[in-house]
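We name chains A, B, ... by the order of the sequence lines, and we start the count at 1 in each one. Keep in mind that the numbers below use all heavy atoms, side chains included, and drop hydrogens, waters and symmetry copies.
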Amino acid sequence: MAQKSESEAHPDPETEGPTPVAPESLSAEAAAAELERLAGIINTANDAYHQDDAPVMSDASFDALKARNAAIEARFPDLKRADSPSEQVGAAPAEGFGKVRHAVRMLSLANAFDAEDITDFDGRIRRYLNLSEDAALAYTSEPKIDGLSLSLRYESGRLVQAATRGDGSEGENVTANARTIADIPHHISDAPEVLEVRGEVYMSHADFEALNARQAERGGKTFANPRNAAAGSLRQLDAEITRARPLCFFAYAWGEVSEPLADTQWGAIERLAEMGFRTNPLTRRCDGPQALIGHYAEIEQQRATLDYDIDGVVYKVDDLALQGRLGFRSTTPRWAIAHKFPAELAWTRLDAIDIQVGRTGALSPVARLSPVTVGGVVVSNATLHNEDYIAGLDNNGAPIREGRDIRIGDWVQVYRAGDVIPKIKDVDLARRPEDSAAYSFPETCPECGSDAIREPGDSVRRCSGGMACPAQAIEKLKHFVGRTAFDIDGLGAKQIEMFFTAGEITSPAEIFTLEARNVDLKLQERDGFGETSVAKLFAAINERRTIPLERFLFALGIRHVGQTTARTLAATYLTLDALLAALKAAVADPEGEAYAELEGIDGIGPTVVRELLEFMAEAHNRTVLDDLLAQLREVEPFDAPAQDSPVAGKTVVFTGTLEAMTRDEAKARAESLGARVSGSVSKKTDILVAGPGAGSKAKKAAELGITTLTEQEWLELIGGG
DNA sequence: GTGCCTCGAGTTCC
DNA sequence: CTCGAGGCAC
């Protein structure tokens with residue numbers, strides 16, 4: 001069973017006392033006593049976790065205790081107790097919740113904070129769609145519920161799966177729990193064959209108060225706010241506990257559908273209501289930014305009278321065909337925005353300023369605060385961004401906070417940006433201690449002592465120690481094993497720090513030799529590890545000896561090569577061999593074709609090229625790379641989105657004036673069909689789409705004998721206008 | 001050169 | 001989630 005890891009720190013019973021005697025050296029008498037002790041601890045922990053949602057120990061300790069119990073039982077089978085924890089089958093599935101891949105990604109929303117942001121939003125959409133300022137453009141507007149989003153999948157009208165948002169691509173399977181929520185129908189009629197309904201799970205104020213009163217009465221853990229209560233309740237491993245918690249659900253969107261629900265957002269929501277979903281009664285249709293802002297004011301006024309938390313108002317383009325044309329940016333749809341309410345503020349004292357060193361060597365100041373509640377959460381740290389922010393200047397040297405600097409000992413006003421990240425808004429000069437001094441930002445790395453240098457025009461100061469700086473080395477390794485890179489289960493920040501400090505993992509390749517070295521390392525005998533967790537760790541590591549090219553590239557942690565750029569490179573060169581060959585050729589000959597090709601890739605400019613080549617030119621990096629590759633089975637070639645469109649895999653260049661669509665739209669459309677869009681014509685170009693006014697690119701394409709299409713021909717090729 | 005838009009890298013608490 | 005800056009169109 002997986003214990004909840006999101007609990008506060010608890011003392012670990014396992015590590016408190018003297019080191020336990022190894023099972024094989026226990027006498028029968030001692031073993032019996034030990035089994036009794038373990039049964040008590042484990043069963044109590046189990047109950048605390050399940051019935052009270054208040055874990056008393058960490059995952060690792062819990063697993064270690066269970067493993068110890070099992071080891072002793074294996075040696076003394078006769079001593080196995082009736083209440084043995086190893087017999088507790090009814091408790092929960094071993095792995096917690098299963099993972100679910102969303103057929104259509106669950107995205108987040110861009111945020112707006114004032115009226116100007118809303119008129120900008122409207123303006124951006126009009127520009128993208130090539131609509132004039134006075135053309136009609138309707139939106140829907142609805143309160144943004146502060147709960148957690150859930151995706152419900154119906155097949156033939158039957159609820160078959162419920163999943164949390166997770167990282168947007170992959171969530172947790174909470175089907176059994178969702179079925180216990182009264183607002184969620186188990187069957188719907190008159191629905192498409194496949195329908196994913198999306199909405200928000202929340203807890204009403206009244207139910208939240210009642211639940212907390214009940215919890216307090218039983219001496220259980222109370223929740224800080226309704227959102228946490230809803231999240232905690234939905235993520236119960238035992239659905240019967242969820243059933244006892246009064247959760248509600250509003251439907252407001254959809255994922256995969258086998259046939260369109262309607263022509264408009266409004267119509268689709270009406271349709272969901274007809275099917276039996278609760279939809280928010282405050283939803284309105286608005287004919288422009290002014291109406292949206294009006295509705296926002298109305299909802300803000302009603303906020304206090306609502307029986308649920310809301311943190312803003314969401315606006316969506318009503319016409320679904322237009323939504324389709326607008327499409328998505330990397331994490332948000334272009335056709336929607338969340339207009340957030342002003343953040344809650346709180347005053348507290350700044351006790352200290354610590355400096356953290358990131359994987360690129362960036363020195364980031366962090367404020368240590370006297371704990372204070374902001375928006376229902378206790379905050380004790382806040383980011384201070386950089387040197388200038390502390391001094392009261394923005395990146396152009398212009399004053400912010402009217403130039404008031406931030407000092408240790410100051411009373412500061414804290415808020416949670418986007419209701420998440422704690423930040424400091426202002427300082428109270430009247431309460432500033434008389435002996436305070438302006439903060440002086442360190443000019444050497446606090447971790448390794450190397451000079452910390454701030455390049456002219458740059459806002460961050462960076463440690464110049466490179467891989468000789470332990471902080472940078474550790475952060476790079478953490479990045480490597482992170483969820484979006486190699487994603488190695490059981491090898492988190494804590495373990496990386498431990499292995500690095502012990503000198504056991506100092507480079508990526510050494511992760512993969514861990515198992516072979518375990519003869520000497522004997523991880524299973526260490527605190528926090530057991531036979532089972534060590535076996536799991538090795539299995540997780542071995543699983544990643546095969547890795548997709550884009551993840552591999554991203555994991556290397558080359559500056560300016562994030563997930564998107566890594567993907568772009570993977571999509572361009574398809575295999576690691578091709579990419580490495582191109583990079584080596586470009587290093588060898590900066591005048592050559594390989595170099596030109598690299599710079600020609602859309603989205604990759606001189607800075608990224610420079611970083612890539614510097615990485616390849618560095619002997620140390622090549623060694624790290626070769627050592628790592630020697631440990632891997634395969635770096636999988638880029639798997640182009642399985643598209644059978646006529647332009648899939650083709651490289652397309654747009655030039656001249658486009659009439660039916662804007663350039664952005666054309667690019668997004670082509671990419672969604674599996675094409676690569678480049679900015680310049682080269683030998684690799686397959687199709688040039690030339691509008692009126694095309695110049696040098698059309699000429700070059702003609703010289704190279706590249707297919708040139710008019711915009712109309714292009715639209716016919718991809719099927720539809 | 002200027003002004004978007006997007007991406008990368010930093011951050012917190014659960 | 002936000003800020004700074006890279007990339008690109010105008």
Participant: Heavy-atom nearest nucleotide on DNA chain B for A:A566 versus A:R124: which residue maps closer to 5'?
Facilitator: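 Mapping each residue to its closest nucleotide by heavy atoms, the 5'-most match is A:R124.
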Participant: Examine distances only and state if a side-chain atom of A:N173 and a backbone atom of A:V100 form a donor-acceptor pair shorter than 3.5 Å.
Facilitator: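 It does not hold such a pair.
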Participant: Take atom CD1 of A:I355 and atom P of B:dG10, then tell me their distance rounded to the nearest Å.
Facilitator: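 Interatomic distance, CD1 of A:I355 to P of B:dG10: 14 Å.
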Participant: Give the rounded distance in Å between these two atoms: CG of A:L612 and P of C:dG6.
Facilitator: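 Rounded to the whole Å, the gap is 14 Å.
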Participant: Using whole Å, what does the distance between atom P of nucleotide C:dC3 and atom CG of A:N111 come to?
Facilitator: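 Computing the A:N111:CG to C:dC3:P distance gives 11 Å.
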Participant: Compare the minimum distances between each of C:dG6, B:dC7, C:dG4 and the side chain of A:S459, then state the nucleotide with the smallest one.
Facilitator: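 Taking heavy atoms from C-beta onward, the closest nucleotide is C:dG4.
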Participant: Between A:H339 and A:F113, is the gap from one ring center to the other below 6.0 Å?
Facilitator: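 No, too far apart.
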Participant: With sugar-phosphate meaning primed atoms plus P, OP1 and OP2, does A:L369 contact a base, only sugar-phosphate, or nothing at under 4.0 Å between heavy atoms?
Facilitator: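 No contact.
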Participant: Figure out the CZ/C1' separation between A:R165 and C:dC1, and round it to whole Å.
Facilitator: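 Distance check: A:R165 CZ to C:dC1 C1' gives 12 Å.
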Participant: Are A:Y308 and A:H205 an aromatic pair by the rule of ring centers under 6.0 Å?
Facilitator: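 Here the rings of A:H205 and A:Y308 have centres that are no less than 6.0 Å from each other.
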Participant: Rounded to whole angstrom units, what separation is found between the NZ atom of A:K478 and the P atom of B:dA9?
Facilitator: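 One finds 17 Å between P of B:dA9 and NZ of A:K478, rounded.
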Participant: Can a donor-acceptor pair be found, under 3.5 Å and without considering hydrogens, that links the side chain of A:R454 to the backbone of A:D458?
Facilitator: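 Judged by distance alone, yes, a pair lies under 3.5 Å.
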Participant: Tell me whether the OP1 or OP2 atom of C:dC3 has a side-chain N or O from A:K423 closer than 4.0 Å.
Facilitator: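 For C:dC3, OP1 or OP2 has a side-chain N or O of A:K423 closer than 4.0 Å.
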Participant: How many Å lie between CG on A:L384 and P on B:dA9, as a whole number?
Facilitator: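 That distance rounds to 22 Å.
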Participant: Does the ring centre of A:F341 sit less than 6.0 Å away from the ring centre of A:Y296?
Facilitator: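 Judged by ring-centre distance (under 6.0 Å), A:Y296 and A:F341 do meet the cut-off.
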Participant: Under the rule for salt bridge (Lys or Arg N to Asp or Glu O under 4.0 Å), what residues qualify as partners of A:R401, not counting sequence neighbours?
Facilitator: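 Checked A:R401 against salt bridge (Lys or Arg N to Asp or Glu O under 4.0 Å); zero matches.
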Participant: Please give, in whole Å, the distance from B:dG8 P to A:R559 CZ?
Facilitator: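 Roughly 13 Å, once rounded to whole Å.
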Participant: What I'd like to find out is whether the side chain of A:Q413 reaches to under 4.5 Å of the side chain of A:V427, using heavy atoms alone.
Facilitator: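 No; the side chains remain at least 4.5 Å from each other.
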Participant: Please report, rounded to the nearest Å, how far the P atom of B:dT6 is from the CD1 atom of A:I604.
Facilitator: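 One finds 17 Å between P of B:dT6 and CD1 of A:I604, rounded.
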Participant: Could you tell me whether the phosphate oxygens of B:dT6, OP1 or OP2, come under 4.0 Å of any side-chain nitrogen or oxygen in A:R334?
Facilitator: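 For A:R334, the contact criterion (side-chain N or O under 4.0 Å from OP1 or OP2 of B:dT6) is met.
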Participant: What's the closest nucleotide to the side chain of A:R359 if the choices are B:dG8, C:dC3, B:dA9?
Facilitator: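 It is B:dA9.
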Participant: Choose from C:dA5, B:dC14, B:dC7 the nucleotide whose nearest atom is closest to any side-chain atom of A:T564.
Facilitator: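 That would be B:dC7.
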Participant: List, with names and distances, any nitrogen or oxygen atoms from the protein found under 3.5 Å away from nitrogen or oxygen atoms belonging to nucleotides 11-13 of chain B.
Facilitator:
from, atom 1, to, atom 2, distance (Å)
B:dT11, OP1, A:Q356, OE1, 2.8
B:dT11, OP1, A:S364, OG, 3.3
B:dC13, OP1, A:S380, N, 3.0
B:dC13, OP1, A:N381, N, 3.0
B:dC13, OP2, A:N381, ND2, 2.9

Participant: Of all the choices, B:dG8, C:dC3, C:dG6, which nucleotide is nearest to the side chain of A:T565 once you look at every atom?
Facilitator: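 Among B:dG8, C:dC3, C:dG6, the one nearest the side chain of A:T565 is B:dG8.
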Participant: OP1 or OP2 of C:dG6 versus the side-chain N and O atoms of A:R610: is any pair under 4.0 Å?
Facilitator: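 For C:dG6, OP1/OP2 do not have a side-chain N/O of A:R610 under 4.0 Å.
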Participant: What ring pair (Phe, Tyr, Trp, His ring centres under 6.0 Å) pairs are there with at least one residue in residues 349-397 of chain A, not counting sequence neighbours?
Facilitator: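 Every ring pair (Phe, Tyr, Trp, His ring centres under 6.0 Å) pair that includes a residue of residues 349-397 of chain A, provided the two are not neighbours, is A:H385-A:Y389.
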Participant: Can a side chain N or O of A:T360 be found less than 4.0 Å away from OP1 or OP2 on B:dG8?
Facilitator: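 Answer is no, no contact under 4.0 Å.
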